[in-house]
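We count residues from 1, following the sequence as given. We use all heavy atoms of the structure for the numbers below, so side chains are in, but hydrogens, waters and symmetry mates are not. The structure displayed is predicted, hence computed values, not measured ones.
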Amino acid sequence: MGDGYSTFLLDIEGTVCPISFVKDTLFPYFTKQVPQLVQQDSRDSAICEILSQFGIDDKHQLQAHILELVANDVKDPILKQLQGYVWAHGYESGQIKAPVYADAIDFIRRKDRIYIYSSGSVKAQKLLFGHVQGRRAPTGDSLDLNAYIDGYFDINTSGKKTETQAYANILQDIGVSANDVLFLSDNPLELDAAGAVGMATGLAVRPGNAPVSDMQKYRVYKNFEDL
């Protein structure tokens, strides 16, 4: 089923790892740190700089504002920057490991041209793939898949994932024909946008993903073993 494609563009949550990872692991880890980040008197300069960009002097109001952005899943660039800083510490300290599916790990390792496209920042993507929970790794170890990935795209580099122009931008950056690329995602709106520029598309169906009413429109992939 995967024959004929030279290049693969992959979504992350709901495609290569559980869709619950962000809301059940990354968001709670971040929100737990927010009170300490905001209320502590001595902070490192990087956090001071990021927090100052919110323009809120009152610490209680600032804390409430940040937590409200998280609760509503607002794609705020300052919030993304702060989350990236906090998550980096979590990954590097071993407190966070990305639960990438075993078949996705094998797929990324054996294919030559793998690109990632996520609404999360490129920095966050590299952190995730740099700290993957290993199936057979010793306790405390993690896998680094970044060496197997050719490039990363996010909404800042390419545009919103539901807009056709974003995929045209990615094709221009990659430098291949649209019919050479297979894009995999759990979101039909993203697949439709990619298909509009001529990319082949596949609907990722993983445990916990939202049901898709018109699933018959798409080629369905329940794992990467057939690719």
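Linking ILVMFWY side-chain heavy atoms closer than 4.5 Å, directly or via other members, places Leu128 and Val70 in a single hydrophobic cluster. Cluster membership for Ile105 and Leu227, using ILVMFWY side-chain heavy atoms within less than 4.5 angstrom, is shared. Cluster annotation: Val74 is not connected to Ile155 through the hydrophobic network of ILVMFWY side chains, with a link wherever side-chain heavy atoms come within less than 4.5 Å.
A salt bridge links Asp103 and Arg206; the closest N-O separation between the charged side-chain nitrogens and carboxylate oxygens is under 4.0 Å.
Heavy atoms from other residues, nucleotides or ligands lying under 6.0 Å from CG of Asp57 number 12 at most.
Nearest heavy atoms, Phe153 versus Ser158: CD2-OG, 3.3 Å. When all heavy atoms of Ala204 and Gly14 are compared, the pair lying nearest together is CB-O, 3.7 Å.
Of the inter-residue distances, the one linking Leu203 atom CG with Met215 atom CE reads 6.0 Å to the nearest 0.5 angstrom. To the nearest 0.5 Å, atom NE2 of residue His89 and atom OH of residue Tyr29 are 5.5 Å apart.
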Return a table of donor-acceptor pairs under 3.5 angstrom between the side chains of residues 189-196 and protein atoms on other chains or two or more places apart.
from, atom 1, to, atom 2, distance (Å)
Glu190, OE1, Lys161, NZ, 3.3
Glu190, OE1, Ser185, OG, 2.7
Asp192, OD1, Tyr218, OH, 2.9
Asp192, OD2, Tyr218, OH, 3.3

Return a table of donor-acceptor pairs under 3.5 angstrom between the side chains of residues 20-28 and protein atoms on other chains or two or more places apart.
none

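Aromatic ring pairs are classed by plane angle as parallel below 30°, tilted from 30° to 60° and perpendicular above 60°; the pair His65 and Phe54 is perpendicular.
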Exercise for the section: Evaluate ring pair (Phe, Tyr, Trp, His ring centres under 6.0 Å) for Phe224 paired with Tyr101, printing each intermediate quantity in order. Expected result: CA-CA 9 Å; Phe224 288 85; Tyr101 292 119; 8.2 Å; no
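The side-chain hydrogen bond (donor to acceptor under 3.5 Å, both in side chains) test applied to Asn223 returns no partner, not counting sequence neighbours.
The shortest side-chain heavy-atom distance between Asp11 and Leu184 does not fall under the 4.5 Å cut-off. The shortest distance between side-chain heavy atoms of Lys80 and Ser121 does not fall below 4.5 Å.
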